[in-house]
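What follows is a short report on a single structure.
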Amino acid sequence: MTPKRIVHLVDDEESIRKSAGFMLKTSGFAVQTYASGIAFLKAVKTAEPGCILLDVRMPGMDGLEVQEVLAERGVTMPVIVLTGHGDVGIAVRVMKAGAVDFLEKPFEKTALLASIGVAFSRLDKSDARSLREAEARVRVAVLTPREREVLIGLANGFPNKTIAYDLDISTRTVEVHRANLMTKLEVHSLSDALRIAFSAGLGDAPES
């Protein structure tokens with residue numbers, strides 16, 4: 001049985017927590033509710049990954065401040081911001097800060113579910129990227145220091161001659177290290193080796 005997707009609902013209005021929580025539960029989601037941004041930040045360290053529905057206007061700490069703290073802590077869960085106030089300025093700020101969407105209360109069920117769908121799609125991509133990065137780091141770890149240096153040179157777009165000059169070794173030696181690292185990485189083409197290098201954080205990865 002597939003586990004339910006979790007939505008973290010952060011809103012100081014009890015009526016919103018109850019109504020939106022009920023709507024989400026009947027739509028197949030698991031829901032965790034928090035009465036303030038501060039309460040959510042206290043719990044987020046051990047919270048299961050999911051989508052965050054975050055109210056803007058809350059006492060103590062507003063949604064924008066919570067969003068900033070989440071970013072500082074490296075929390076990558078996608079955020080959908082809720083507000084009862086039509087404020088274009090806030091909309092621009094939260095979207096620039098990485099929010100998936102900005103919904104005005106009262107929001108329609110279809111609009112909310114559509115935004116949540118986008119949020120979980122983003123989360124899935126993030127999870128897949130994290131897995132690729134972890135696998136790449138494991139594969140690169142088997143390389144010798146010199147093979148790693150050669151791979152970094154390749155990832156930076158340098159030809160064998162330049163790598164040889166930088167490392168003060170012969171071009172032939174670079175070719176040997178290059179062949180060895182590709183065998184260890186279990187790849188047959190330079191492009192595959194570069195994908196692993198970029199995923200492992202080596203060299204200058206192209207913008208995605």
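Keep in mind that the numbers below use all heavy atoms, side chains included, and drop hydrogens, waters and symmetry copies. Quantities reported herein were computed from a predicted structural model and do not represent experimental measurements.
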Exercise for the section: Go through the side-chain N and O atoms of N180 and T183 and say whether any donor and acceptor fall under 3.5 Å apart. Expected result: no
Practice task
Carefully, step by step, assess K18 and E14 under the rule salt bridge (charged side-chain N to carboxylate O under 4.0 Å, His left out).
Solution key: CA-CA 6 Å; K18 286 185 175 179; E14 185 178 2; 3.3 Å; yes
Fill in the blank from the handout: Tightest non-hydrogen contact, residues I80 and A119, listed as CD1-CB, 4.2 Å
Practice task
State whether the side chain of R73 and the backbone N or O of L41 hold a donor-acceptor pair below 3.5 Å, judged by distance alone.
Solution key: yes
Practice task
Please report the shortest heavy-atom distance between R122 and P78, naming the atom on each side.
Solution key: CD-CB, 4.4 Å
Handout entry: Any donor-acceptor N/O pair, E147 side chain to T144 backbone, under 3.5 Å
Key = yes
Handout entry: Side-chain donor or acceptor of R57 paired with backbone N/O of T83 under 3.5 Å
Key = no
Practice task
Classify the ring geometry between Y34 and F40 as parallel (under 30°), tilted (30 to 60°) or perpendicular (over 60°).
Solution key: perpendicular
Exercise for the section: Check step by step if side chain to side chain contact (heavy atoms under 4.5 Å, CB included) holds for V7 and Q32. Expected result: CA-CA 6 Å; V7 176; Q32 295 286 338; over 6 Å; no
Practice task
Could you check if a side-chain atom of L112 sits within less than 4.5 angstrom of a side-chain atom of M23, using non-hydrogen atoms only?
Solution key: yes
Practice task
Would you indicate whether the side-chain heavy atoms of V140 and R148 approach each other to under 4.5 Å?
Solution key: yes
Problem - Full working for side chain to side chain contact (heavy atoms under 4.5 Å, CB included) between V100 and V81 - result: CA-CA 8 Å; V100 172; V81 174; over 6 Å; no
Problem - Shortest non-hydrogen contact from L82 toward L9 - result: CD1-CD1, 4.3 Å
Problem - Heavy-atom pair with the smallest gap, counting every atom of I6 and P49 - result: CB-O, 4.2 Å
Exercise for the section: Taking all heavy atoms of A155 and all of L202, pick out the closest pair and write down the distance. Expected result: CB-O, 3.8 Å
Problem - Under 3.5 Å: donor-acceptor pair, side chain of N156, backbone of F158 - result: no
Exercise for the section: Determine, step by step, whether D55 and K105 satisfy the salt bridge (charged side-chain N to carboxylate O under 4.0 Å, His left out) criterion, reporting the C-alpha distance in whole Å, the side-chain angles of both residues, the deciding distance to 0.1 Å, and the verdict. Expected result: CA-CA 10 Å; D55 187 33; K105 301 175 185 176; 3.1 Å; yes
Problem - Heavy-atom pair with the smallest gap, counting every atom of C51 and I116 - result: SG-CG1, 4.4 Å
Handout entry: Check: S15 main-chain N/O paired with S19 side-chain donor or acceptor under 3.5 Å
Key = yes
